[in-house]
Protein chains: 2
Amino acid sequence: MKIKDIARLAKVSPATVSRVINNSGYVKEEKKKAVKKVIEEVNYTPNEFAKSLKTQKSNIIGVIVPKISTETVSRVVDGITMISKENNYQLLIANTNLQVEEELNYLKVFSNNLVDGIIIMATVVTDEHLRILNNLNKPVVFVGQRVEKYTSIVHDDYNAAKAMAQHLIEKGHEKIAFVGVSEKDVAVGKVRKQAYFDALTEHNITIDKNLIAIGDFSLESGYKAMGEILQKGQPSAVMAVTDQMAFGAIHCIKDNKLSVPEDISVTGIGDGKMSKYFIPALTTAKYHHKKVGKLACEHLMSLINSKGKNTSDIVVGYDVKLRSSVNSIRES
Amino acid sequence: MKIKDIARLAKVSPATVSRVINNSGYVKEEKKKAVKKVIEEVNYTPNEFAKSLKTQKSNIIGVIVPKISTETVSRVVDGITMISKENNYQLLIANTNLQVEEELNYLKVFSNNLVDGIIIMATVVTDEHLRILNNLNKPVVFVGQRVEKYTSIVHDDYNAAKAMAQHLIEKGHEKIAFVGVSEKDVAVGKVRKQAYFDALTEHNITIDKNLIAIGDFSLESGYKAMGEILQKGQPSAVMAVTDQMAFGAIHCIKDNKLSVPEDISVTGIGDGKMSKYFIPALTTAKYHHKKVGKLACEHLMSLINSKGKNTSDIVVGYDVKLRSSVNSIRES
DNA sequence: TTGTATGCGTTATCAG
DNA sequence: CTGATAACGCATACAA
C-alpha cells in the first residue's frame with residue numbers, strides 16, 4: 001500500500017495525500033478528511049526508506065556502547081531513550097563488547113546515511129577514531145571521555161575520586177590502598193588514579209606502590225587485586241575505582257578473616273543499585289548515569305537541528321554517599 | 001558521493017559498480033580492482049535507504065524491551081546483539097518503560113518497512129497486541145511470555161519456582177512465605193505463584209494467605225512485602241520470585257533483628273550478578289538470559305530467511321544454585 | 001562481461 | 001488549493 005493507492009482510493013493526487021500526511025501546504029478540509037479516512041481504513045503507514053531517501057533524514061541516532069549489559073551503560077542508554085523518544089527519534093544500538101575494532105567498524109557503518117547523529121561511549125579514543133570521525137560529517141557526542149573538538153559529557157571523575165580519598169584521610173587513614181584499572185581507560189584508569197595520588201600527596205602521605213593493584217572492572221578482579229595487596233601488608237583502608245571492584249575487595253578481605261569496616265575501610269565509585277544494600281553498605285560517590293544519557297541526547301539533538309559546530313564540554317557532578325563501609329581510625 | 005560518481009571515476013557503468021559492491025554477476029577482475037580502488041580512495045559507503053527501498057530489506061531488527069536498565073533485560077539484549085552481529089543485522093531498540101501503550105505504539109512504528117523482524121519482551125500481551133501483530137506481516141519472536149501462534153522463548157518459570165519451593169520443603173520448612181508480583185505478569189506473577197501453590201499442596205502443606213505478599217519487582221517492594229508478612233507472624237522461610245525482591249526481604253528480616261538463614265531462610269529466582277556475592281549468598285535458580293537473547297535472535301533470523309510461519313516454543317532451563325541463604329530446620 | 005534504463009515510495013517544485 | 005512530475009541513490013532486467 002503506497003501513497004498512490006491512497007490517492008486513488010481517496011480520489012485525489014499523491015501530492016495531496018503527502019500534504020495531508022505531513023500537514024504541509026493547503027488542503028481543503030473536505031479532502032483532508034477523505035484522505036485520513038482512507039489511511040485509517042487501510043491501515044497505511046508510509047515507507048520510511050523512501051521518506052528518508054528523499055529527505056536525507058532518518059530520525060534515527062546511532063549509539064555505540066562498550067557493553068550493554070552493565071549497569072552503568074544501560075542506565076545511560078535509558079537516559080538517551082527518554083530524550084530521543086521526546087524528539088521522535090529511534091535508537092540504533094551498537095554493542096562493541098569492549099573491542100576497539102568493533103567501535104571503529106560501527107563508526108564506519110553509521111557513516112552511511114542511516115543515522116542523523118551518533119552518541120559514543122568510547123573507552124579509548126584512538127587516532128583512527130578521530131580520523132573516521134573527521135570525514136563523517138555527522139554530529140557526534142562523546143560520553144565518558146573528553147575528546148577535543150567534540151562535545152562530550154563526562155563525570156567529574158577527578159573530584160569524585162579525590163573526595164573518596166579525602167574522606168578516608170579525614171577519617172584518620174594513612175595506609176590507603178588503591179584498587180584500579182588500566183590507565184588505557186582515561187576516565188576510570190588514569191584520572192581516578194591521579195586523584196588518589198594527589199589527595200595523598202597533598203596530605204603529605206607517601207605513595208606506597210605495594211598498596212596499589214590493578215584489575216579489569218570485574219568484581220573478581222577486585223578480589224584478586226585486594227589479595228595481592230594483602231599479601232604485601234595490611235592497609236587500614238582501600239579505595240576502589242568502581243563499586244564492583246569494591247565488592248570484590250570486601251569479599252577478599254572477609255575471606256582473609258578480616259572485617260569491613262572494623263579492620264579495613266572500603267570505598268567505591270559509582271553507586272550502583274546494590275551498593276546501598278550491600279552488607280556493609282558501601283561508601284561511594286554516586287554518579288548520575290541517566291542524567292548523562294539525557295544530556296548527551298539533548299546535546300546531540302541540538303547539534304542535529306542547528307547544524308552548528310558549537311561543541312561543548314559538560315561535566316556532571318556526583319554525590320558523596322557516606323555509608324557503613326568506612327570507619328574512623330581511633331587515636332591510639 | 002553516489003554510485004554514479006564512482007562509476008565515472010572508475011570509468012565504468014553504475015551497474016558494474018553495483019556488481020562489485022554486492023559481489024554479484026560477472027565483472028572482469030581488472031575493472032573490479034579499479035572500482036574498489038576508487039571506492040577506497042573516496043571513502044564511499046552506499047546509501048542504506050536507497051538500498052533498502054530497492055531491496056525491501058533493511059537488515060535491521062526491532063527490539064522492544066520493558067526497561068533497558070535492568071540486568072535481566074540488558075543481558076537478553078546482549079545475547080541478541082551477538083547473534084544479530086553475526087548475521088549482519090543492526091538493532092533498533094525501543095524502550096517502553098513498562099508502559100503497555102508504548103509497547104503498542106512501537107509495534108506500530110515498526111510496522112512501516114523499517115525493520116525486517118521484531119523481538120518483543122512484553123510483560124503483558126493484550127488483544128490489541130495480537131490485533132496489531134496480526135496485520136503486521138513481519139516475523140515476530142516473543143521473549144519471556146508464551147504467545148499462541150508466535151514463536152516464543154521462555155524460561156522454565158514453573159519448574160524453577162517449584163524447585164525453590166521444594167528445596168525449602170526438603171530442608172524441613174513448612175511455614176514458607178511467598179513474596180511475589182502482580183499476576184498481570186504471567187511469567188513472574190502467575191506461573192511462579194502457581195508453582196509455589198503446587199509444591200506446597202503436593203507436600204500436604206496448607207496454603208496460608210497470611211504468608212503471601214505482593215510487590216512490584218523492586219528491592220524496596222520486597223522489603224515492604226516482607227514487612228507485611230512479619231507483621232502477621234514469623235515464617236521459617238520465604239521464597240521471593242526475583243533475586244531483587246529476595247534482597248529486599250533479607251534486609252527487612254535483618255532490620256527486624258532476625259537473621260538469615262538462622263531465623264529465616266530466603267530464596268530468589270534469577271541469579272543476578274550480585275546474588276552470589278550478597279551476604280548471605282543467595283540460594284536461587286540461575287536463568288540464562290543471554291542464551292534466551294541468542295535463541296530469540298537465531299529464531300528470528302530463520303523466520304526472516306525462510307519466510308516460513310513455522311512457529312516454535314522454546315523453554316530454556318535453569319540451574320539451581322544452593323548457597324548460604326537457606327538453612328535446614330533441625331528436628332526439635 | 002558490460003551498459004542502459006526503469007522503478008522502489010516519497011517529497012517538493014512548478015504550473016495550473 | 002491541487003495535480004503532474006522530477007528527483008533521491010540504488011539494484012536489476014534486459015540488451016548488447
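So you know, we letter chains A, B, ... as the sequences are listed, proteins then strands, and number each from 1.
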Student: Is there a side-chain contact between A:Ser18 and the phosphate of C:dT11, meaning an N or O under 4.0 Å from OP1 or OP2?
Tutor: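 Answer is yes, contact under 4.0 Å.
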Student: I need the single residue from B:Val125, B:Ile119, B:Ile118 that forms a side chain to side chain contact (heavy atoms under 4.5 Å, CB included) with B:Phe142. Which is it?
Tutor: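 So the option named by the test is B:Val125.
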Student: Which atoms form the tightest heavy-atom contact between B:Val115 and B:Phe110, and what is the distance?
Tutor: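 Looks like CG2-O, 3.6 Å.
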Student: Do A:Ser58 and A:Asp116 meet the criterion of a side-chain donor-acceptor pair at a distance under 3.5 Å?
Tutor: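 Distance-only check passes for A:Ser58 and A:Asp116.
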Student: Once you round it to whole Å, what is the distance between C1' of C:dT11 and CG of A:Asn23?
Tutor: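 In whole Å, C:dT11 C1' and A:Asn23 CG are 15 Å from each other.
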Student: For the residue pair A:His289 and A:His155, categorise the inter-ring angle as parallel (less than 30°), tilted (30 to 60°) or perpendicular (more than 60°).
Tutor: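 Perpendicular, since the angle between the ring planes exceeds 60°.
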Student: Nearest of C:dC8, D:dT2, C:dG3 to any side-chain atom of B:Lys54?
Tutor: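 Output: C:dC8.
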Student: From NZ of B:Lys11 over to C1' of C:dG3, roughly how many Å is that when rounded to an integer?
Tutor: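 Interatomic distance, NZ of B:Lys11 to C1' of C:dG3: 16 Å.
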Student: Can you tell me which nucleotide in C:dT11, D:dT2, C:dT2 comes closest to the side chain of A:Asn22?
Tutor: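 Looking only at heavy atoms from C-beta outward on A:Asn22, the closest nucleotide is C:dT11.
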Student: Counting only side-chain N and O atoms of A:Lys2, is one of them less than 4.0 Å from OP1 or OP2 of C:dG7?
Tutor: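 Answer no for this pair, as no side-chain N or O of A:Lys2 is under 4.0 Å from OP1 or OP2.
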Student: Using a 4.0 Å heavy-atom cut-off, does A:Pro14 contact any base of the nucleic acid, only the sugar-phosphate backbone, or nothing at all?
Tutor: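 The answer is nothing, as A:Pro14 stays clear of every strand by at least 4.0 Å.
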Student: Does a side-chain N or O of B:Tyr26 approach OP1 or OP2 of C:dG3 to a distance below 4.0 Å, or not?
Tutor: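 Checking B:Tyr26 against C:dG3: no side-chain N or O falls below 4.0 Å of OP1 or OP2.
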Student: At under 4.0 Å, does any side-chain N or O of B:Lys31 touch on OP1 or OP2 of C:dG3?
Tutor: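 Looking at the OP1 and OP2 atoms of C:dG3, one of them is under 4.0 Å from a side-chain N or O of B:Lys31.
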Student: Does the side chain of B:Gln56 get closer than 4.0 angstrom to OP1 or OP2 of D:dA11 through an N or O atom?
Tutor: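 No, no such contact exists.
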Student: Nearest to the side chain of A:Leu53, which nucleotide is it out of D:dG9, D:dA11, C:dT2?
Tutor: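 Of the options given, the side chain of A:Leu53 lies nearest D:dG9.
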Student: Ignoring backbone atoms, test whether A:Ser13 places a side-chain nitrogen or oxygen under 4.0 Å from the OP1 or OP2 oxygen of D:dT2.
Tutor: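 False: A:Ser13 side-chain N/O out of range (4.0 Å or more) of D:dT2 OP1/OP2.
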